[in-house]
Novice: 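Below you will find the structure I want to go over with you.
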There are 2 protein chains.
Amino acid sequence: MHWVRTAKQPRSRRTLGRLLDAAEELISEKGIDDTTVADVAARAGCSVGAFYHHFRDKGALLRVLLDRLGQEFRETMRAAVDPKRWEGATIAEILEAYLQFSIEMGRERAGLQRAKLALALRDPAFGEEVFELQRELGARLRELLLARKREVAHRDPSLAIDFALEQLRSMLMMRLDGDLLRTGLDSTTDADFVREAIASVCAYMKIPPPPEPEYLR
Amino acid sequence: MHWVRTAKQPRSRRTLGRLLDAAEELISEKGIDDTTVADVAARAGCSVGAFYHHFRDKGALLRVLLDRLGQEFRETMRAAVDPKRWEGATIAEILEAYLQFSIEMGRERAGLQRAKLALALRDPAFGEEVFELQRELGARLRELLLARKREVAHRDPSLAIDFALEQLRSMLMMRLDGDLLRTGLDSTTDADFVREAIASVCAYMKIPPPPEPEYLR
DNA sequence: ATTATCTATAGATCTATAGATAATGC
DNA sequence: ATTATCTATAGATCTATAGATAATGC
């Protein structure tokens, strides 16, 4: 038997689905540690025994849930940073799309993402896997920007690109995962945030900012 | 009886001290959840019973440990942002000192800070208390900068100040707490990081940057 | 006959306490 | 006499399993 049993009967598939949905809800609400197997079974309307018929152990449930999340992210991300897609685009345009893409992804299933992050921070082996994706996104973005480094007037263009990416990544993380780390900025809209963030990295790298939106003129 | 017993005998004070030290070490290494009362007692060289003679419960231990940390932070922080201290200083100078101060504080007892953050994220009541200090630091910095907003050439100086503070805060958090969230930047030194961060917010707010250090000329 | 589910419970792991024993200081 | 410590264990909380019972599909 593997991590998760491949169901053969429709009834079983329904139960499996309900277990996964229940787990996702509960983990989003309370985090992984405070979600017990009994909780999950209860919300799915089945017994603890049924749970263990489907999953080898509690870890298997997490694995299925988080793998699914990771896979979705991987696919969307790879499509988003495809160099062909960005032929002719400027640094500012690429970074703006990066911010919008990340905000969109992060707002969906925020609770589950948070749990994933918490688990990754605790379990180094699992963390490797998660951060691998983050690194891949970073690396691909970096390539896109490095190919355009003649736009950058900073003394050390590569360093400037790395720094700008780190700036955006940090601010995104705080804005998306740090619900509780409230700040003076949480009254701004996502649109304002994106505009200022882009203005900031453009000013830093000394590249032309995108045109101001009309409503500000 | 309160949270913690006030010891009357020297032997008892020594035990209390050893318990606190042991707890700080273990929590720094493994986090709060993976540190059991038995662990703490063992490392302190006493029994679980002795532990409970000193602390009402496990929560009392955390409270003492983290309160102590918070108190130190509060005092240092208040001294650091005293307006008198900054009379005649520019925005760039203030922000540079903020970065250096935060990096210094954060590097000390990093593990414990991390545990504090984790607990704050989980327990909203405790979180309130922790983030109160963060907010206070933010608010005082904000005042210092707002008093100098004529330096700022951004369309909306208040917004720019808020954004710049959020940028620095986010980057600090990632750099200090995010040991595991590795990035393209972790090969840079703290000094490089501070220099580029200041260059970035200065460019964004359109204020004169501090002079370049000699070694770069 | 096979697959899925349920009930009941063993086993592990922690927190916290009770009661006995030892050390301390008047 | 009071304070501090130890040993042993109760009680709570979870994960995981065993064995009985029910549903499904050939």
Side-chain angles (χ1 to χ4, degrees), chain A residues 1-23 25-27 29-66 115 118-119 122-123 126, chain B residues 1-23 25-27 29-66 115 118-119 122-123 126:
Chain A
M1 179 183 170
H2 277 75
W3 291 96
V4 60
R5 183 180 290 264
T6 38
K8 278 146 200 172
Q9 297 180 3
R11 177 176 62 139
S12 176
R13 268 197 296 279
R14 277 197 306 275
T15 305
L16 182 65
R18 283 209 313 278
L19 282 168
L20 283 170
D21 291 346
E25 285 171 32
L26 286 165
I27 289 175
E29 289 165 21
K30 311 195 293 178
I32 288 167
D33 287 331
D34 290 345
T35 299
T36 68
V37 171
D39 281 341
V40 173
R43 184 167 300 193
C46 70
S47 69
V48 170
F51 175 96
Y52 281 100
H53 176 72
H54 289 278
F55 299 100
R56 196 171 71 181
D57 52 26
K58 193 182 176 184
L61 166 71
L62 296 177
R63 186 150 271 278
V64 172
L65 223 47
L66 298 182
L119 183 60
R122 197 171 44 191
D123 174 357
F126 178 72
Chain B
M1 179 182 171
H2 278 73
W3 292 96
V4 60
R5 182 181 292 264
T6 38
K8 277 144 200 171
Q9 298 181 3
R11 178 178 61 139
S12 176
R13 269 197 297 279
R14 276 198 307 275
T15 304
L16 183 65
R18 281 209 315 277
L19 281 168
L20 283 170
D21 291 345
E25 285 172 32
L26 286 166
I27 289 175
E29 289 165 20
K30 311 196 293 177
I32 289 167
D33 287 331
D34 291 344
T35 299
T36 68
V37 172
D39 280 342
V40 174
R43 184 166 302 193
C46 71
S47 70
V48 171
F51 175 96
Y52 282 99
H53 177 72
H54 289 278
F55 300 100
R56 196 172 72 182
D57 52 27
K58 191 181 176 184
L61 167 71
L62 295 177
R63 186 150 272 278
V64 172
L65 223 47
L66 298 182
L119 183 60
R122 196 171 44 192
D123 174 357
F126 179 71

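Predicted model only: the values in this text are computed from it and were never measured.
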Novice: Nearest-Å distance, NE2 (B:H53) to P (D:dT5)?
Specialist: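 After rounding, the reported distance stands at 6 Å.
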Novice: When the distance from CD of B:Q9 to C1' of D:dT3 is rounded to whole Å, what number comes out?
Specialist: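 After rounding, the gap between these two atoms is 5 Å.
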Novice: Where do A:L19 and A:A41 come nearest, in terms of heavy atoms and distance?
Specialist: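 Looking at all heavy atoms of both residues, the shortest contact is CD2-CA, 4.2 Å.
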Novice: Whole-Å distance between D:dT3 C1' and B:R11 CZ?
Specialist: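 Taking atom C1' of D:dT3 as the reference, CZ of B:R11 is at 8 Å.
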Novice: Determine the minimum heavy-atom distance between A:A38 and A:V48, stating which atoms define it.
Specialist: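 Heavy atoms of A:A38 and A:V48 come nearest at CA-CG2, 3.9 Å.
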Novice: Roughly, in whole Å, what's the span from CZ in B:F55 to C1' in D:dT5?
Specialist: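 B:F55 atom CZ is separated from D:dT5 atom C1' by 15 Å.
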Novice: Whenever both distances are under 3.5 Å in a Watson-Crick or G-U wobble pair, mark it; put DNA chain D into dot-bracket that way, with [ ] for crossing pairs and | when the partner is on another strand.
Specialist: ||||||||||||||||||||||||..
Novice: Could you give the distance from CG (B:L66) to CD1 (B:I27), rounded to the nearest 0.5 Å?
Specialist: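 One finds 7.0 Å between CG of B:L66 and CD1 of B:I27.
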Novice: Determine, stepwise, if the pair A:H54 / A:S12 fulfils side-chain contact (heavy atoms from CB on, under 4.5 Å).
Specialist: CA-CA 9 Å; A:H54 289 278; A:S12 176; 3.1 Å; yes
Novice: Provide, to the nearest angstrom, the distance between the NE2 atom belonging to B:H54 and the P atom belonging to D:dA4.
Specialist: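 In whole Å, D:dA4 P lies 7 Å from B:H54 NE2.
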Novice: Would you please name every residue forming a salt bridge (Lys or Arg N to Asp or Glu O under 4.0 Å) with B:R43, sequence neighbours left out?
Specialist: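 For B:R43 the salt bridge (Lys or Arg N to Asp or Glu O under 4.0 Å) partners, ignoring immediate neighbours, are B:E25, B:E29.
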Novice: Determine, step by step, whether B:I32 and B:L62 satisfy the side-chain contact (heavy atoms from CB on, under 4.5 Å) criterion, reporting the C-alpha distance in whole Å, the side-chain angles of both residues, the deciding distance to 0.1 Å, and the verdict.
Specialist: CA-CA 8 Å; B:I32 289 167; B:L62 295 177; 3.9 Å; yes
Novice: Taking CG from A:L16 and P from C:dT3, how many angstroms apart are they, rounded to a whole number?
Specialist: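 After rounding, the reported distance stands at 16 Å.
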Novice: Against B:T36, only a single residue in B:D33, B:D34, B:D39 fulfils side chain to side chain contact (heavy atoms under 4.5 Å, CB included); can you say which?
Specialist: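 Among the candidates, only B:D39 passes.
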Novice: So which nucleotide from C:dA4, C:dC6, D:dG25 ends up closest to the side chain of A:C46?
Specialist: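 Among C:dA4, C:dC6, D:dG25, the one nearest the side chain of A:C46 is C:dC6.
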Novice: Rounded to whole angstroms, how far apart are CZ on B:R5 and C1' on D:dT3?
Specialist: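 Rounded to the whole Å, the gap is 8 Å.
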Novice: Base contacts versus sugar-phosphate-only contacts with protein, heavy atoms under 4.0 Å: please encode nucleotides 7-15 of chain D as B, S and - from 5' to 3'.
Specialist: B------SS
Novice: What are the two closest non-hydrogen atoms of B:R18 and B:A44, and how far apart are they?
Specialist: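 Closest approach of B:R18 to B:A44, heavy atoms only: NE-O, 2.7 Å.
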Novice: Stepwise, does the side-chain contact (heavy atoms from CB on, under 4.5 Å) test hold for A:F55 with A:L20?
Specialist: CA-CA 10 Å; A:F55 299 100; A:L20 283 170; 4.0 Å; yes
Novice: Does D:dT24 have OP1 or OP2 sitting under 4.0 Å from an N or O in the side chain of A:S12?
Specialist: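 No, because none of the side-chain N or O atoms of A:S12 sits under 4.0 Å from OP1 or OP2 of D:dT24.
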